[in-house]
J.: 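After the structure tokens below, expect a handful of questions from me.
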Amino acid sequence: MFHIWKRKAEKSILEPSGWPEGDNIPKHVAIIMDGNGRWAKKRGMPRIAGHHAGMKTVKRVTIAADDIGVEILTLYAFSTENWTRPQEEVDFLMRLPQEFLKIELNELIEKNVQVRMTGWREGLPAHTLQALDEAEAKTKNNTGLILNFALNYGSRREIADAARLLAEDALNGKISLGDITEESLADKLLTANISDPDLLIRTSGELRLSNFMLWQLAYTEFWFSPRFWPAFTKQDFYDAIREYQQRTRRYGGLK
Ligand code: V0D
């Protein structure tokens, strides 16, 4: 029995504990945190109870990512399409950042985590922005994990905005048409200061991108979990990392 386990362990650079190791840890992991409402419904609870439970997983996965040396963790918390949900659900969601930060900000500071946001500030309630601003300000000099919340984010609008900004520069004579390149467009995206994700995880069994980082995910490895986000474990996260390590190791051999 032992030698079978051992062989498997060597093959997947797996510690017996299940911790991924090696030098091929993805630098940037992005997650679509899906299935909170369905997790709650399955338990006869209102959807908002699932959103609330999802915060525990945010904490769990942040620690797990930090522990193995992930540099950037982007979590898709609220899309530009989510405004069409019932008003009371939106109101509840908009209180989660401050609730999360009230409990977790001190520990994030202790762990040298930088809190950031990718998305549009317009449309967010003042109380939400205040919590985000405080977290960003208090962690801006930290040098550890970047915990990046995609909040009021949508990728098509992001790309259209970038195109408009480049067109504006061209009309004003600041650039010529030849200066419109992959690089100059990427520089106008909301993610201009952040590397593209190496690994995308989506929970709850849905197999689509839902307008998330369409440009940035061009070369990203995808990993889908059938688990609803509140039930997503540290081990699930490490399973995704290990699979990523195996995939890139294979492709690395061909390069
Ligand atoms: C609900 C599951 C943490 C996904 C997780 C406003 C949907 C729980 C935050 C958060 C949400 C955001 C910014 C920040 C600190 C925490 C959060 C939203 C939803 C949308 F600086 N969880 N969380 N934000 N959910």
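Counting convention: from 1, in listed order, for ligands and their atoms alike.
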J.: Are any side-chain N or O atoms of R247 and backbone N or O atoms of F222, one a donor and one an acceptor, separated by less than 3.5 Å?
T.: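 Judged by distance alone, yes, a pair lies under 3.5 Å.
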J.: Which of the numbered atoms in ligand 1 are below 4.0 angstrom from a heavy atom of V58?
T.: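 Taking each heavy atom of V58 in turn, ligand 1 has 5 (C) under 4.0 Å.
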J.: For L151, which part has a heavy atom under 4.0 Å from ligand 1: side chain, backbone, both, or neither?
T.: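 The part of L151 near ligand 1 is the side chain, not the backbone.
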J.: Would you mind checking which non-hydrogen protein atom is closest to atom 22 (N) of ligand 1, with the distance to 0.1 Å?
T.: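 So the nearest neighbour among protein heavy atoms is M55 CG, 3.6 Å.
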J.: Does CG in L207 sit with more than 12 non-hydrogen atoms of other residues, nucleotides or ligands closer than 6.0 Å?
T.: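 Above 12, so yes.
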J.: Please could you name the atoms of ligand 1 that L132 approaches to less than 4.0 Å, counting only its heavy atoms?
T.: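 Selected atoms, number and element: 13 (C), 14 (C), 21 (F).
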J.: Could you tell me which atoms of ligand 1, counted from 1 in the order shown, lie closer than 4.0 angstrom to a heavy atom of L93?
T.: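 What qualifies from ligand 1 is 1 (C), 6 (C), 20 (C).
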J.: How far is atom 20 (C) of ligand 1 from its nearest protein heavy atom, and which residue and atom is that?
T.: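 The closest one turns out to be A77 O, 3.6 Å.
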J.: Does a donor on one side chain sit under 3.5 Å from an acceptor on the other, for W83 and N152?
T.: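 The criterion, which ignores hydrogens and geometry beyond distance, is satisfied for N152 and W83.
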J.: Parallel, tilted or perpendicular: which fits the ring planes of W120 and Y153, with parallel below 30° and perpendicular above 60°?
T.: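 Parallel, since the angle between the ring planes stays under 30°.
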J.: Should the pair W229 and F232 be assigned to parallel (<30°), tilted (30 to 60°) or perpendicular (>60°) ring geometry?
T.: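 Because their plane-to-plane angle is under 30°, the rings of W229 and F232 count as parallel.
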J.: Have a look at ligand 1 and work out which part of L101, if any, has a heavy atom under 4.0 Å from it: side chain, backbone, both or neither.
T.: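 Within the 4.0 Å criterion, L101 contacts ligand 1 through side-chain atoms alone.
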J.: To which of I32, V115, N36 does the heavy atom nearest atom 4 (C) of ligand 1 belong?
T.: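 Comparing heavy atoms across I32, V115, N36, the nearest one to atom 4 (C) of ligand 1 lies in N36.
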J.: Look at atom CD of E81 and say whether more than 12 heavy atoms of other residues, nucleotides or ligands are closer to it than 6.0 Å.
T.: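 For E81, atom CD is crowded (more than 12 foreign heavy atoms under 6.0 Å).
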J.: By number and element, which atoms of ligand 1 are closer than 4.0 Å to a non-hydrogen atom of F100?
T.: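 Here the atoms of ligand 1 in question are 15 (C), 16 (C).
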J.: Under 3.5 Å, is there a donor-acceptor pair between the side chain of D66 and the main chain of T62?
T.: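 Answer holds: no.
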J.: Treating D198 as the side-chain partner and H28 as the backbone partner, does any N or O pair qualify as donor plus acceptor under 3.5 Å?
T.: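 Confirmed, D198 side chain pairs with H28 backbone.
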J.: With atoms numbered from 1 as shown, which atoms in ligand 1 lie under 4.0 angstrom from a non-hydrogen atom of F149?
T.: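 In order of numbering, the contacting atoms are 3 (C), 9 (C), 10 (C), 12 (C), 13 (C), 14 (C), 15 (C), 16 (C), 21 (F).
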J.: Please report which non-hydrogen protein atom sits nearest to atom 8 (C) of ligand 1, along with the residue it belongs to and the distance in Å to one decimal place.
T.: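 So the nearest neighbour among protein heavy atoms is H51 O, 3.3 Å.
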J.: Output the list of atoms in ligand 1 that are nearer than 4.0 Å to some heavy atom of L96, sorted by atom number.
T.: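 Going through ligand 1 atom by atom, the ones under 4.0 Å from L96 are 1 (C), 11 (C), 19 (C), 25 (N).
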